[in-house]
Amino acid sequence: LARRFAAALPEATLLNLYGSSEVAADSTAHAMGAAGLAEGERVPIGRPIWNTRVYVADAAMQPLPVGAVGELYVAGAGVARGYAGNPAATAERFVPDPFALAPGERMYRTGDRARWTPAGELEYLGRVDRQAKVRGFRVEPGEIEAALLELPQVREAAVTVREDVPGETRLVGYVVPSNGKGTSAAELRAQLAERLPGYMVPTVFVVLERVPLTASGKVDRRALPAPEAGGGTGYVAPRTAAEEALAGIWAAVLRVERVGVHDDFFELGGHSLLATQVVSRVRQALGVEVPLQALFEAPTVAELAGRLEELRATAGPVMPRVVAIDRSARRKARERPRT
């Protein structure tokens, strides 16, 4: 939006304002001229306005250095006294200001994540309460949404963490194509992989005609549809014994009803941890040692079945199955009193 504004109105100045009702609407401001933004650059929320102080702090409310991500706090003349009739919420959000200019001042805990840039500007990075842990990694869906919106074929985007199967969380990306013709999940995944670490790339993408919004104009995340089970291509049944075995393994690991020979493992919701389960089950069922990388290079049943034939012809001995050893007898012997 900022780039389009600069191109359409080069003589105008665009103001990006940040704030909330608890701090008299606006707390920071950033002015942009016709120079616009470099590719991949975020629009800052700027510096504090007059009579306002802002801090980026950690959980202990200690200020963080340039580049470090923390929660944004606002202090100064615009901070409200609290929430009327709600002392509990007031105590949670309006906290004592350890950097106060006068005794008794309070600052507002925004719940937003931000960081200082070397230029002394603030970058907004999403909500603290939208952070989620996926496969052991802490992720911020807002950062993924920003990366999606940088892609030329994406007009609108939303990212959420879903648990459609109990105990299994996954990132789901929702996109509205800019050309109205759609875009492939493989293309989106490949382009995001150039901008983000692997654990932040959604495993599933859903193409929408529009992103659902609330009455206030924000993304209605509750209205985002669940991804459809199955791949994006038409179902083609297994044709060989190897394909049938692989399709059964994938269906069990991915917890889907059936898998066709041209379905993509990652488009069905697979990820690196599930890929290790596939490799283990292939070793047990088919007696072939499949490198984990092979599944990434041949992500369909048909492609991996072809790779199995190559591996059978060139593979060495299959690694033995890892079996747990019963150490109880040895432990009891150690614990037996000595005479």
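It should be emphasised that the depicted structure is a prediction, and the values quoted were computed from it without experimental measurement.
- Without hydrogens or angle criteria, Thr28 side chain to Arg47 main chain gives no donor-acceptor distance under 3.5 Å.
- Atoms CZ and CG, on Arg109 and Leu72 in that order, are 12.0 Å from each other to the nearest 0.5 Å.
- The ring-ring contact (aromatic ring centres under 6.0 Å, His included) contacts involving residues 102-133 comprise Phe94-Tyr108, where partners must be two or more places apart or lie in separate chains.
- Within the 3.5 Å criterion, the main-chain N or O of Pro177 finds a donor-acceptor partner in the side chain of Arg155.
- Other residues, nucleotides and ligands contribute over 12 non-hydrogen atoms within 6.0 Å of the CD atom of Glu303.
- In Glu209, the CD atom is not crowded: 12 or fewer heavy atoms of neighbouring residues, nucleotides or ligands sit closer than 6.0 Å.
- The CG atom of Leu192 sits 10.5 Å away from the CD atom of Glu187 when rounded to the nearest 0.5 Å.
- Under the 3.5 Å distance criterion, the side-chain polar atoms of Thr90 are matched with a main-chain donor or acceptor of Tyr83.
- Between the OG1 atom of Thr160 and the CZ atom of Arg222 there is a distance of 11.5 Å, given to the nearest 0.5 Å.
- Taking both residues in full, the closest heavy atoms of Ala294 and Leu304 are given as O-CD1, 4.2 Å, listed atom of the first, atom of the second, then distance.
- Scanning for side chain to side chain donor-acceptor pair (under 3.5 Å) contacts around Arg162 gives Asp164, Tyr174, with sequence neighbours left out.
- Judged purely by distance below 3.5 Å, without hydrogens or angles, the side chains of Tyr73 and Asp97 never pair a donor atom with an acceptor atom.
- Contact detail for Val66 and Pro118: the closest heavy-atom pair is CG1-N, 3.6 Å.
- Residues Ser280 and Gln284 bring a donor and an acceptor atom of their side chains to less than 3.5 Å of each other.
- When side chains are defined from C-beta on, Leu151 does not count as touching Ser178, because their heavy atoms never get closer than 4.5 Å.
- A donor-acceptor distance shorter than 3.5 angstrom exists from the side chain of Glu243 to the backbone of Arg239, with no hydrogens or angles considered.
- A side chain to side chain contact (heavy atoms under 4.5 Å, CB included) with Pro96 holds for exactly one of Met61, Glu105, Arg106, Met107; it is Arg106.
- A distance of 10.0 Å separates CG in Leu295 from CZ in Arg307, rounded to the nearest 0.5 Å.
- Judged purely by distance below 3.5 Å, without hydrogens or angles, the side chains of Glu150 and Gln191 never pair a donor atom with an acceptor atom.
- The closest side-chain heavy-atom distance from Val172 to Val161 is not below 4.5 Å.
- Contact between Ser27 and Thr52 at its shortest, heavy atoms only, is O-CG2, 3.7 Å.
- Thr300 is not listed as a side-chain neighbour of Asp263, based on a closest heavy-atom distance of 4.5 Å or more.
- Looking at Arg283 and Val279, their side chains come closer than 4.5 Å, going by heavy atoms from C-beta outward.
- Contact between Ala245 and Leu286 at its shortest, heavy atoms only, is CB-CD2, 3.8 Å.
- Between Glu145 and Arg221 there is a salt bridge, since a side-chain N of the basic residue sits under 4.0 Å from a carboxylate O of the acidic one.
- We find the CD1-CD distance between Ile249 and Gln277 to be 11.5 Å, quoted to the nearest 0.5 Å.
- Of the inter-residue distances, the one linking Thr110 atom OG1 with Glu71 atom CD reads 5.5 Å to the nearest 0.5 angstrom.
- Residues Val201 and Leu171 are not in side-chain contact: their nearest non-hydrogen atoms beyond the backbone lie 4.5 Å or more apart.
- A side-chain donor-acceptor contact under 3.5 Å links Arg113 to the backbone of Leu125.
- Contact detail for Leu246 and Val301: the closest heavy-atom pair is CD1-O, 3.8 Å.
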